[in-house]
**Student:** 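Sharing a structure, written as structure tokens. Questions coming.
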Amino acid sequence: MYRLRRNAMARRHDIDRILKEWPYEPGEISARAVRATDGREVLQMRVEMGVLQLEVEGRPDGERPHGIETYYEYLRGVALKAGDDFELNPQQCLEADREFMQFYHRRVCWLALREFRRATSDADHTLAFMDFVCEHSPNEEWTLSHEQYRPFVLFHRVQASTLAQLEEQGPEDAVQELDRGMQQFEGLFEEFESDDDFEDDELVRRLVELRDTLREQYDLKPSLNEQLAKAVETEQYELAARLRDEITRRETKRH
């Protein structure tokens with residue numbers, strides 16, 4: 001009788017069939033959206049040793065830390081009460097890292113599934129959380145261990161928002177969005193005093209390639225920002241002023 005119960009339990013928990021039907025592909029992000037037994041949508045990501053399942057709303061693990069939607073939101077409340085001297089303790093650092101990793105997994109799933117707005121939202125969460133932990137970090141070493149990933153997260157954010165604009169508004173708006181992202185990248189390099197490395201950076205080159213592809217595929221003229229840069233370079237200041245006004249008008253309309 002014990003053996004029968006044990007065998008029945010093994011059949012209920014075994015996932016061999018799932019793994020065989022969905023083989024792991026090294027170097028690729030394999031993700032899918034499925035319905036759970038209660039009907040809710042979840043994401044699944046195939047990893048080398050199994051399958052990750054992530055919620056599509058709130059925290060990817062479905063938890064509500066201290067009753068709050070995300071650990072980032074919880075820590076913001078803690079910091080607000082503690083005042084300017086708030087500093088993350090070791091347990092809070094550990095929990096922050098857990099949330100960073102969860103949002104990374106979901107972000108790459110959204111990108112693989114071409115859910116670009118959702119990928120943008122998760123990247124925004126991570127960037128805002130990175131700003132927070134940088135401000136309240138316990139030491140410089142822990143800060144640098146996170147800041148080293150900021151360009152990668154920003155790359156995902158720019159890529160996702162550009163492709164979302166392409167789907168929703170068209171190629172011209174997509175290139176404008178990409179240009180705004182490139183300006184953020186440039187500002188990041190200036191902040192870390194690495195201006196000379198900007199053009200040679202792999203992530204920057206990949207964004208430039210995306211912009212070139214959009215231009216070629218949709219036969220686009222230079223963007224307003226590029227026209228502005230050219231006008232300033234050639235000292236056509238009246239044209240530059242008109243271009244700035246047009247950029248401002250479009251930005252105001254967009255928001």
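Predicted model only: the values in this text are computed from it and were never measured. Residues: numbered from 1 along the sequence shown.
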**Student:** Using the six-membered ring of Phe103, assess whether NZ or CZ of Arg106 lies under 6.0 Å from its centre and within 45 degrees of the ring axis.
**Tutor:** yes
**Student:** State whether the side chain of Ser145 and the backbone N or O of Trp142 hold a donor-acceptor pair below 3.5 Å, judged by distance alone.
**Tutor:** yes
**Student:** So, taking the atom named CG in Leu75 and the one named NE2 in His66, what distance separates them when rounded to the nearest 0.5 Å?
**Tutor:** 8.0 Å
**Student:** May I ask you to check whether Gln102 and Asp61 show a side-chain donor-acceptor distance below 3.5 Å?
**Tutor:** yes
**Student:** Please lay out, stage by stage, how Glu73 and Arg59 fare under the test salt bridge (charged side-chain N to carboxylate O under 4.0 Å, His left out).
**Tutor:** CA-CA 11 Å; Glu73 293 298 328; Arg59 263 191 38 141; over 6 Å; no
**Student:** Tell me whether the rings of Phe132 and Tyr72 are parallel (<30°), tilted (30 to 60°) or perpendicular (>60°).
**Tutor:** perpendicular
**Student:** Rounded to the nearest 0.5 Å, what separates atom OG1 in Thr126 from atom CZ in Arg150?
**Tutor:** 10.5 Å
**Student:** Is it true that Ser30 and Glu25 share a donor-acceptor pair across their side chains at a distance under 3.5 Å?
**Tutor:** no
**Student:** Going hydrophobic residue to hydrophobic residue with side-chain gaps under 4.5 angstrom, can you get from Tyr149 over to Leu154?
**Tutor:** no
**Student:** Can you label the angle between the Phe129 ring and the His125 ring as parallel, tilted or perpendicular, going by 30° and 60°?
**Tutor:** perpendicular
**Student:** Go through it in stages, so that I can follow the logic: the residues are Arg117 and Glu168, the test is salt bridge (charged side-chain N to carboxylate O under 4.0 Å, His left out), and I'd like the CA-CA distance, side-chain angles, deciding distance and then a yes or no.
**Tutor:** CA-CA 10 Å; Arg117 277 297 168 214; Glu168 297 166 5; 3.1 Å; yes
**Student:** Checking Gln92 side chain against Asn89 main chain: does a donor-acceptor pair fall under 3.5 Å?
**Tutor:** yes
**Student:** Answer whether the closest heavy-atom distance between the side chains of Leu210 and Leu178 falls below 4.5 Å.
**Tutor:** yes
**Student:** Mind checking whether Glu87 and Glu135 have side chains closer than 4.5 Å, heavy atoms only?
**Tutor:** no
**Student:** Is the closest side-chain donor-acceptor distance between Gln227 and Arg242 under 3.5 Å?
**Tutor:** no
**Student:** Measuring only between side-chain heavy atoms, which start at C-beta, is Glu140 closer than 4.5 Å to Leu144?
**Tutor:** yes
**Student:** How many angstroms lie between atom OH of Tyr104 and atom NE2 of His156, to the nearest 0.5 angstrom?
**Tutor:** 6.5 Å
**Student:** Rounded at 0.5 Å granularity, tell me how far CZ in Arg46 sits from CD1 in Ile18.
**Tutor:** 10.0 Å
